[in-house]
Amino acid sequence: MTTTPTKEGSAAVQARRVLVLNSGSSSVKYQLLDMNNRSRLAIGLVERIGEETSRLLHTPLTGGDAETRERTGRIPDHAAALKEAAEELAADGLGLDSPELAAIGHRVVHGGLRFTRPTVITDEVLTEIERLVPVAPLHNPANITGIRTAQALRPDLPQVAVFDTAFHTTMPEHAARYAIDVETADAHRIRRYGFHGTSHAYVSRKAAELLGRTPEEVNVIVLHLGNGASASAVAAGRCVETSMGLTPLEGLVMGTRSGDIDPAVTFHLKRVAGMSTDEIDVLLNKKSGLLGLCGDNDMREIRRRIDDGDERAALAFDIYVHRLKKYIGAYSAVLGRVDAVVFTAGVGENSAPVREAAIAGLEELGLVVDAGLNAVRSGEPRLISPNYARVAVAVVPTDEELEIADQTFALVGQAESAGQEVPVGEVDN
Ligand code: ADP
């Protein structure tokens with residue numbers, strides 16, 4: 001425990017822990033970090049909230065062996081989920097009532113145009129996040145529930161929102177606007193916002209570090225390939241283009257999302273196939289992408305099937321890679337000069353075949369992958385291009401939770417060191 005002597009000579013606890021919460025519609029992921037050395041004290045996940053088969057997985061990381069504890073049985077709502085997580089943390093001596101907890105950082109998916117940086121959550125900020133629900137109906141309500149639950153648990157503590165969209169707010173108008181009627185677009189706040197911004201920010205910065213340069217000195221293309229997937233073009237540390245749009249549906253082929261399609265496909269499905277708007281929404285968000293193409297959305301399984309000679313899996317892989325190539329080419333043109341193409345997230349960090357296939361044939365763009373380096377498995381940022389390549393190709397593991405903790409802690413620390421009181425939102429019980 002870090003302590004600082006007070007004027008009276010007693011020891012006051014210096015709060016240097018941050019709890020990071022990522023609240024989904026039926027899940028909550030959490031991590032408790034010690035900002036003295038930016039290490040994790042515990043990580044956990046509550047899933048299937050509201051179902052009979054809810055499950056909490058909690059892993060304390062303070063001891064030698066990281067042993068995961070499991071609780072099963074119905075967890076009715078987010079408040080109960082957070083309460084149970086708090087009990088698990090308390091059992092490890094990491095209770096959320098500890099004076100060492102400095103703040104709670106929340107991942108908030110949609111911050112619209114207003115939130116360009118991490119923001120301390122006041123009532124007014126929460127109202128604004130609520131106002132964005134129509135453009136993020138799947139995500140923001142869950143984030144709001146998480147915030148309210150955490151506020152009720154520690155009403156005295158600063159809560160910080162870190163927005164998925166924030167990093168992309170630097171996109172120029174010509175990249176952010178759709179070519180549709182301006183009045184209609186503005187009336188309904190229809191534009192390209194982009195998502196996964198916390199990851200794109202972190203990874204593009206780390207890539208610059210890997211190249212031994214400052215973020216301002218480099219132009220990079222980041223390919224965040226998880227279950228959701230997005231690309232971004234980052235020029236001198238600022239995002240100038242990204243593949244997701246009004247919602248996370250646009251862009252790359254994903255695990256279960258289609259990515260780019262002709263928007264008229266939706267009219268066709270409605271008029272000709274007789275599907276409802278909700279059915280089309282589910283089709284394109286949950287039953288498309290790799291899953292829709294071949295019945296599997298896990299790249300490991302798809303590669304196994306390809307090795308067994310499965311043609312549907314092979315075609316799904318080719319469609320996935322073809323889209324990636326199109327974006328690499330497009331973003332090379334947008335940036336003019338590219339210093340690095342960077343792979344991250346579950347597929348990007350782990351699938352050598354995806355990286356190899358996405359870069360194959362792009363020698364004219366200065367892009368080459370070294371087969372030996374590409375085959376190396378490592379949790380560290382690394383180059384996979386040969387020394388002679390004009391453009392670096394890299395793998396940089398993403399760490400959105402660490403980025404949220406860093407941004408949260410920096411914001412709370414800044415406010416405190418500037419002698420300002422950190423505003424705390426009122427609790428709405
Ligand atoms: P998200 O955070 O979007 O849920 P992740 O970034 O954790 O997703 O990525 C999950 C995906 O990563 C899985 O669906 C799987 O396709 C892929 N993946 C994970 N490990 C591997 C691996 N060893 N090889 C290939 N793909 C992998």
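Heavy atoms only: backbone and side chains are in, while hydrogens, waters and symmetry mates are out. Just follow the structure's listing: the first ligand is 1, and inside any ligand the first atom is 1. This chain uses plain numbering: 1 for the first residue, then up along the sequence.
- Within ligand 1, counting atoms from 1 as listed, the ones closer than 4.0 Å to a heavy atom of A345 are 6 (O).
- Ranking the protein heavy atoms by distance from atom 14 (O) of ligand 1 puts N297 O, 4.0 Å first.
- The nearest protein heavy atom to atom 2 (O) of ligand 1 is not closer than 4.0 Å.
- Around atom CZ of R205, more than 12 heavy atoms belonging to other residues, nucleotides or ligands sit under 6.0 Å away.
- Remark: minimum distance from atom 16 (O) of ligand 1 to any protein heavy atom is reached at M299 N, 2.8 Å.
- For G228, the heavy-atom gap to ligand 1 drops under 4.0 angstrom.
- Ligand-side atoms of ligand 1 in range of V347: 12 (O), 16 (O), 17 (C), range being under 4.0 angstrom from any heavy atom.
- In this structure, R303 forms a cation-pi arrangement with F317, its terminal cationic atom sitting closer than 6.0 Å to the ring centre and no more than 45° off the ring axis.
- Here R114 pairs with E124 in a salt bridge; the nearest charged N to carboxylate O distance falls below 4.0 Å.
- Classification of E301 and R305 as a salt-bridged pair fails, no side-chain N sitting under 4.0 Å from a carboxylate O.
- Among protein heavy atoms, atom 24 (N) of ligand 1 sits closest to R300 CG, 3.3 Å.
- The neighbour count for K83 NZ, taken as heavy atoms of other residues, nucleotides or ligands under 6.0 Å away, does not exceed 12.
- For atom 9 (O) of ligand 1, the nearest non-hydrogen atom of the protein is G346 CA, 3.3 Å.
- For atom 15 (C) of ligand 1, the closest non-hydrogen atom on the protein side is D298 OD1, 3.4 Å.
- R71 and E87 are joined by a salt bridge, as a carboxylate oxygen and a charged side-chain nitrogen come within less than 4.0 angstrom of each other.
- When the shell of 6.0 Å around CD of E216 is examined, it contains more than 12 heavy atoms from other residues, nucleotides or ligands.
- Between the side chains of T277 and K270, a donor-acceptor pair is found at a separation under 3.5 Å.
- The heavy atom nearest to atom 21 (C) of ligand 1, out of those in N350, L225, D296, L290, is found in N350.
- Annotation: atom 10 (C) of ligand 1 to nearest protein heavy atom, N227 N, 3.9 Å.
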